[in-house]
Number of protein chains: 2
Amino acid sequence: MNPESMDNVFQALASSVRRQILDIVQSRPGCNVSYVCRYFDVSRIAVMKHLNVLENAGLLITEKQGRTRCLYFNAAPIQTIYERWTTEYSSLWAGRLTEFKRQLEEPRKVNRD
Amino acid sequence: MNPESMDNVFQALASSVRRQILDIVQSRPGCNVSYVCRYFDVSRIAVMKHLNVLENAGLLITEKQGRTRCLYFNAAPIQTIYERWTTEYSSLWAGRLTEFKRQLEEPRKVNRD
DNA sequence: AAAATACGTAACCTAAAGGTTACTTATGAA
DNA sequence: TTCATAAGTAACCTTTAGGTTACGTATTTT
């Protein structure tokens with residue numbers, strides 16, 4: 001997973017509305033756009049933009065059936081990030097804030113992600 | 001953890017530069033602003049803004065000593081989110097995309113977070 | 001004391017996020 | 001066939017994000 005798509009996933013999750021949308025779709029796999037819209041006070045276009053952000057991040061899968069767009073939640077990106085971060089920050093996720101002082105003698109450009 | 005601060009954490013993590021900063025500070029607990037700046041090509045002010053975003057999300061702790069600002073990584077917010085999401089989406093994080101179709105008879109305002 | 005260093009604040013600029021309304025298009029139902 | 005419904009596109013607006021330069025202030029260092 002490249003840093004760009006990691007950005008997309010975190011960015012997508014950084015909105016309460018979008019996290020709610022994930023909840024809704026998860027509880028109703030295959031539901032359509034109008035169904036999701038009923039839960040919110042904002043316009044359908046605004047909801048569609050949120051859906052597109054989520055789809056772009058890979059958190060939603062779309063399947064067009066006739067005139068309706070069926071929505072499915074995809075947990076894979078979250079799992080990937082979780083696995084990645086548990087490896088890199090394993091001690092931290094485990095709950096211990098270890099003061100692991102790696103000897104970094106001279107600053108250099110970091111190339112993470 | 002309220003949805004607002006959850007937003008802040010995800011938002012803070014949605015930037016490759018900021019994730020790199022976390023790496024740097026984690027590898028050098030107590031380092032100062034200038035030290036972090038050496039890793040990036042952007043201005044010091046830009047880096048400071050990133051640091052403030054991270055601090056606001058609770059991912060960085062700051063301790064002023066004389067004229068220097070000492071930086072420490074704080075994993076607590078990440079742990080909280082992890083625990084929260086593993087509870088809510090446990091089956092998903094576990095790797096099985098279960099088609100758990102909860103019977104949601106009539107749409108209503110969702111109040112998650 | 002003078003100079004260099006570390007940080008902070010203010011004002012500004014550009015691009016992106018997140019919302020709106022208006023209009024189109026395609027499909028399903030009567 | 002007509003009408004209602006589901007979705008998409010375009011153009012626009014306002015706020016926020018992320019960067020800049022210029023300037024100010026406190027604390028070390030020489």
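Order of the sequence lines sets the chain letters (A, B, ...), proteins ahead of strands, with each chain counted from 1. In what follows, every heavy atom counts, from backbone to side chain, and hydrogens, waters and symmetry copies are set aside.
Across the interface with DNA chain D, nearest-nucleotide mapping of A:Ile45 and B:Ala46 shows A:Ile45 to be the residue nearer the 5′ end. Position along DNA chain C of the nearest nucleotide to B:Thr62 versus A:Arg18 favours B:Thr62 as the more 5'-ward residue. When each of A:Gln11 and A:Gln65 is assigned the nucleotide of DNA chain C bearing its nearest heavy atom, the one mapping closer to the 5' terminus is A:Gln11.
The listed nucleotides are D:dT29, C:dA11, D:dA4; the one nearest the side chain of A:Arg67 is D:dA4. The side chain of A:Val33 has D:dG8 as its nearest neighbour among C:dC7, D:dG8, C:dT20.
Whole-Å rounding puts the A:Leu54 CG to C:dA17 P distance at 14 Å. Distance, A:Arg38 CZ to D:dT5 C1': 12 Å, rounded to whole Å. The separation between A:Asp41 atom CG and C:dG18 atom C1' is 16 Å, rounded to whole Å. One interatomic measurement links the two molecules: NZ of A:Lys64 to P of C:dT25, which rounds to 14 Å at whole-angstrom precision. Atom NZ of B:Lys49 and atom C1' of C:dC7 are 15 Å apart (whole Å). For the pair A:Asn56 CG and C:dA16 P, the computed distance is 14 Å after rounding to whole Å. Atom CE of B:Met48 is separated from atom P of D:dA17 by 17 Å (rounded to the nearest Å). Between A:Leu71 atom CG and D:dA7 atom C1' the separation is 11 Å, expressed in whole Å.
Contacts of A:Ser43 with the nucleic acid, taken as non-hydrogen atoms under 4.0 Å apart, include base atoms. Residue-level contact check: A:Ser34 touches the backbone only, with heavy atoms under 4.0 Å from sugar-phosphate atoms and none from bases.
Distances shorter than 4.0 Å separate none of the side-chain N or O atoms of A:Arg69 from OP1 or OP2 on D:dA6. B:His50 has a side-chain polar atom (N or O) that falls below the 4.0 Å cut-off from OP1 or OP2 of D:dG19. Neither OP1 nor OP2 of D:dA7 sits under 4.0 Å from any side-chain N or O of A:Arg44.
Side-chain contact between A:Leu22 and A:Leu13 is present, with at least one heavy-atom pair separated by less than 4.5 Å. Put simply, the side chain of A:Leu71 does not reach to within 4.5 Å of the side chain of A:Ile61, judged on heavy atoms. Proximity of B:Tyr35 to B:Thr68: side-chain heavy atoms (C-beta onward) are nowhere separated by under 4.5 Å.
The hydrophobic clustering, which links ILVMFWY residues whose side-chain heavy atoms are closer than 4.5 Å, places A:Val53 and A:Ile45 apart.
Note on ring orientation: taking the six-membered ring where Trp is involved, the planes of A:Tyr82 and B:Tyr82 are parallel (angle under 30°, cut-offs 30° and 60°).
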